> 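Mind looking over this structure? Questions follow.
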Amino acid sequence: MSAAPYDVPVGPTIGVLALQGDVREHVTALEASGARAVLVRRERELEGLDGIVLPGGESTTIDKLLRAFELAEPLRDRIASGLPAYGSCAGMILLADRVLEGIPGQQTLGGLDITVRRNAFGRQVDSFETDLTIEGIDDSATRPMHAVFIRAPWVEEVGPAATVLGAVATGPAAGRIVAVRQGRLVATSFHPEVTGDTRVHRMFVRIVCESL
Ligand code: GLN
């Protein structure tokens, strides 16, 4: 048995679902947060994961691809049995138990006791940016998070099992819930992976580490 010459902390291994969407941005954010990021396209790539990120993109397309790649059932089962997961935007839709304005036959992986409304912010404000206070991230009380929304869903209803982490503060969408947590599951309507602020990813990496 040989001792390591110095302590090298080994981060958790976190998969990024890589069927469609802004995969690379999540890989970068996870690696900046101390995790090892691996791409997931096949069931066997779920082996050995400590957590998974479901990226933003188009939830209807990701849903179809999940089923075409025979990944929907295994991933749904892993999440249901405790695999930590973080979903941004389309990823939030995939983690939601209930979806409004889905297309006919649209399915989700579920796990979060929430109802999301797709494309909720409307045509006038398809994409917008605002500063948010998000519970549980570093410096939550003192440093707002700059959030980018792109044809985003909002959380229309939060069931008793889920907790609100953040809501829009100002403007026509004030009060709309855009960040939630339920145990090892986290979801945001916005895209923290595109701003270089890694605090949501770091919170998720902490949740993953605590689950090990
Ligand atoms: N509107 C997309 C959907 O319903 C989500 C958009 C996004 O992920 N940026 O899946």
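Note that the structure is a prediction, hence the values are computed from the model and not measured. For the numbers below, each heavy atom of this structure counts, side chains included, while hydrogens, waters and symmetry mates do not. Atoms within each ligand, like the ligands themselves, are counted from 1 in listed order.
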> Considering only heavy atoms of Ser59, which atoms of ligand 1 have at least one such atom less than 4.0 Å away?
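What qualifies from ligand 1 is 3 (C), 4 (O), 10 (O).
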> Please say whether Pro153 places an N or O atom under 3.5 Å from an N or O atom belonging to ligand 1.
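Between Pro153 and ligand 1 (N or O atoms, distance only) the closest approach is not under 3.5 Å.
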> May I ask you to list the atoms of ligand 1 that are less than 4.0 angstrom from any heavy atom of Cys89?
5 (C), 6 (C), 7 (C), 8 (O), 9 (N)
> Is Glu58 salt-bridged to Arg118, cutoff N-O under 4.0 Å?
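Yes, Glu58 and Arg118 are salt-bridged.
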> List every atom of ligand 1 that sits less than 4.0 Å from any heavy atom of Arg118, numbering the atoms from 1 in the order shown and giving each element.
3 (C), 4 (O)
> Which of these passes side chain to side chain contact (heavy atoms under 4.5 Å, CB included) with Ile14: Val208, Ile52, Val38?
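Only match with Ile14 under side chain to side chain contact (heavy atoms under 4.5 Å, CB included): Val208.
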> Nearest to atom 1 (N) of ligand 1, what protein heavy atom do you find, and at what distance?
Asn119 OD1, 2.6 Å
> Output the list of atoms in ligand 1 that are nearer than 4.0 Å to some heavy atom of Gly56, sorted by atom number.
8 (O)
> Run the side-chain hydrogen bond (donor to acceptor under 3.5 Å, both in side chains) test on Glu129 and His146 for me, step by step, so that the C-alpha distance in whole Å, both residues' side-chain angles and the decisive distance to 0.1 Å come before the verdict.
CA-CA 7 Å; Glu129 304 188 10; His146 188 69; 2.6 Å; yes
> So which heavy atom on Val200 is nearest to which on Pro192, and how close?
CB-CG, 4.0 Å
> Test of understanding: given a 4.0 Å heavy-atom threshold, classify the contact between Ile62 and ligand 1 as side chain, backbone, both, or neither.
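For Ile62, no heavy atom sits under 4.0 Å from ligand 1.
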> Are Arg206 and Asp138 ion-paired here, with the side-chain N under 4.0 Å from a carboxylate O?
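The answer is yes: the pair qualifies as a salt bridge.
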> Examine Ser88 against ligand 1 and note whether any of their N/O atoms are separated by less than 3.5 Å.
no
> Quick one, Val40 and Leu75 - any side-chain contact, counting heavy atoms below 4.5 Å?
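No, too far: nothing below the 4.5 Å cut-off.
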> If I apply the N/O under 3.5 Å rule, does His191 come out as touching ligand 1?
yes
> Give the atoms of ligand 1, by number and element, whose distance to some non-hydrogen atom of Ile93 is under 4.0 Å.
3 (C), 4 (O), 10 (O)
> Identify the heavy atoms of Ser33 and His201 that sit nearest to each other, and give their distance.
OG-CB, 3.4 Å
> Please state which option from Gly57, Ala152, Ala120 has its nearest heavy atom closest to atom 6 (C) of ligand 1.
Gly57
> Between Arg42 and Glu47, is the closest basic N to carboxylate O distance under 4.0 Å?
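Here Glu47 does not pair with Arg42 in a salt bridge, since their nearest N and O are not under 4.0 Å apart.
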